[in-house]
2 protein chains.
Amino acid sequence: MTAAVELLKTRRLYLLLRDRIVTGAVGPGSRLPSEPALAQEHGVSRVTVRRALDLLAEEGLVRRRVGSGTFVEDPPASRPIVADFSNVLSNLIEMGRATAVKLLSFAYVAPPASIAEPLGLEPGERVQRSVRVRLIDGQPFSYLTTHVPERIGLTYSERDLATIPLLELMERSGIVAERATQSISATLVGPETAAALDLAPGSPVISLTRVVYEPSGRGVEHLHALYRPDRYAFQMDFVRTDVAGARRWTPTVVQASRTASSPRPSRPKRTASQKGTRP
Amino acid sequence: MTAAVELLKTRRLYLLLRDRIVTGAVGPGSRLPSEPALAQEHGVSRVTVRRALDLLAEEGLVRRRVGSGTFVEDPPASRPIVADFSNVLSNLIEMGRATAVKLLSFAYVAPPASIAEPLGLEPGERVQRSVRVRLIDGQPFSYLTTHVPERIGLTYSERDLATIPLLELMERSGIVAERATQSISATLVGPETAAALDLAPGSPVISLTRVVYEPSGRGVEHLHALYRPDRYAFQMDFVRTDVAGARRWTPTVVQASRTASSPRPSRPKRTASQKGTRP
DNA sequence: AGAAGCTGTCTGCTTTTTGATACAATTAGG
DNA sequence: CCTAATTGTATCAAAAAGCAGACAGCTTCT
């Protein structure tokens, strides 16, 4: 009755090996078992093993040497963009990198309850729904779906949205963003979103949901964002302090750094002159 | 040369529909196109469409009514556990929920460079590598791989690790955790990790990497954690304040709450009758 | 009541993926 | 130098996934 959709064996083995590599179970430089050995060990044919290894090699996780074996590569040290906890992209600006926004969709619609409820909307109140993709150095890294109450959305134009950060638009219109709550999770991209992010469908992405409130307690923005994990990561630093007699972690402002995999202790920063851009 | 591993059509369609549902493109209560319509629209057979819808129905995202159609369900309101930005589980404890830990692996090994470097280890220095799964109410939600310098790991026993939080163990031994840096991302689980988390291989998970330092600047813990997104989420609250003349977001301590998407006091769940303290 | 449209189920066929096997080219070690 | 082990490549067979079509039962609307 239930289909269950077994995962392709190639993909399955790929994920398994990839897992062992990224978690450090097999260290860089070490040799993987031979293809026939892997085939027997996992009950698949050598052809399938090869396909899985092909994928790993494409990603630069392993290197194959004819006659010798397949070896784990040193981490390619790809450096995702790092955002601090407040998700401010001022880091990027400081680094002088070019960000651009592409507006994919813009309309006023009746919101589903899952949007209307956290925004505290009256029944029947409409929202502005917009979908944007943000690029850095010409490459997409985030897919943003925002819902804004109609009364607020009307204070700026579609053209504004394609060029100016949403929160900045709202603050220009006199709307005061006072409080926000956000949660970070993970999900898979569908084919449409994948295409917009230049990803393969089914790739994992970071998922962020944020609601911004004005002082009255009413919601002014509902954001659902997806981030490419290879180009973006959330980084946060903490210090252990005594608060009311108890040891607690308190967050500190993270410094801009090009590396995420091996985050180094902070460095003296250059002063920010430009205003921050938000997703 | 490139295998590329095309995604199964069923899975592809499943992801696409799921995407439209969770992003609110199609609201709860609305009817999806009929199976023949979906089949034609996406160039697949009706059998494939059915399989994709089966998956959605299993997840509770849609409800199928014979003779009528397939309808988007109201959000299943699965409420993941919420951790505040500092990733402290005190929330859970306060909520009186039973957490347990299963120790899967424990050994002293030579660390790969990706671990040794952020920890600031001398060449040749060994580390204690442990793999644990954390359960809540008997169900696994996190998979933790920790690397600790040998000199620190020796201050507690394998048995200790299976029962007491690592940071607490270290502080008991006089090690001072002063600073930490962590980054959050997303990835896919391999078959082994998937089994430990009771997930299907290839499912998306939240990935967290954290390094904790002592006052001397040396690293005392390297943590690589994977979280089930349906049972765990990172939530953080912010307030907009004036700092040095500029408006900035500053984090506040998140309140313990059972809801992630919509902050609303939820009904009490079942009482924690069985508590599984494991060795 | 009747018609139209929908989901549920089954069957045979086609396409894609995986498997088994053989062999060539390269490397490392005795 | 020779041997054993490794990856690279090709071919054909087997298994799995997908497809097209038909039909039954239920729901909704005319």
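Proteins get letters first, then strands, A, B, ... in listed order; numbering begins at 1 in each. All figures in this text were calculated on a predicted structure; none of them were measured in a lab.
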Within the 4.0 Å heavy-atom criterion, would you say [X] contacts the bases, only the backbone, or no part of the nucleic acid?
| X | value |
| --- | --- |
| R65(B) | sugar-phosphate |
| R46(B) | base |
| R63(B) | nothing |

Tell me the closest heavy-atom pair linking R228(A) and L197(A), and the distance in Å. NH1-O, 2.9 Å
Identify the heavy atoms of E158(B) and L103(B) that sit nearest to each other, and give their distance. CG-CD2, 3.5 Å
Value in whole Å for how far the [atom2] atom of [N] lies from [atom1] of [X]:
| X | N | atom1 | atom2 | result |
| --- | --- | --- | --- | --- |
| R12(A) | dT17(C) | CZ | P | 18 Å |
| L55(B) | dG18(D) | CG | P | 11 Å |
| L53(B) | dT9(C) | CG | P | 14 Å |
| L56(A) | dT7(D) | CG | P | 13 Å |
| L13(B) | dG18(D) | CG | P | 11 Å |
| L32(B) | dT7(C) | CG | C1' | 13 Å |
| Q40(B) | dG18(D) | CD | P | 20 Å |
| R51(B) | dA20(D) | CZ | P | 13 Å |

Would you call the rings of H147(B) and H222(B) parallel, tilted or perpendicular, taking 30° and 60° as the class edges? perpendicular
With a 4.0 Å limit, can you tell me whether [X] has a side-chain N or O closer than that to the phosphate oxygens OP1/OP2 of [N]?
| X | N | value |
| --- | --- | --- |
| T48(A) | dT18(C) | no |
| T10(A) | dT18(C) | yes |
| K9(B) | dC19(D) | yes |
| R31(B) | dC6(C) | yes |

Given [options], the nucleotide with the shortest approach to the side chain of [X]:
| X | options | result |
| --- | --- | --- |
| S45(A) | dT18(C), dT7(D), dT7(C) | dT18(C) |
| S34(B) | dA20(C), dG18(D), dC6(C) | dC6(C) |
| P36(B) | dT7(D), dT7(C), dG19(C) | dT7(C) |

So which one's nearest nucleotide on DNA chain C is more toward 5', V66(A) or V49(A)? V49(A)
From OH (Y232(B)) to OG (S142(B)), nearest 0.5 Å: 7.0 Å
On DNA chain D, nearest-nucleotide positions of S68(A) versus V44(B): which is more 5'? S68(A)
Could you check whether R64(A) pairs with E35(A) (Lys NZ or Arg NE/NH1/NH2 to Asp/Glu carboxylate O, under 4.0 Å)? yes
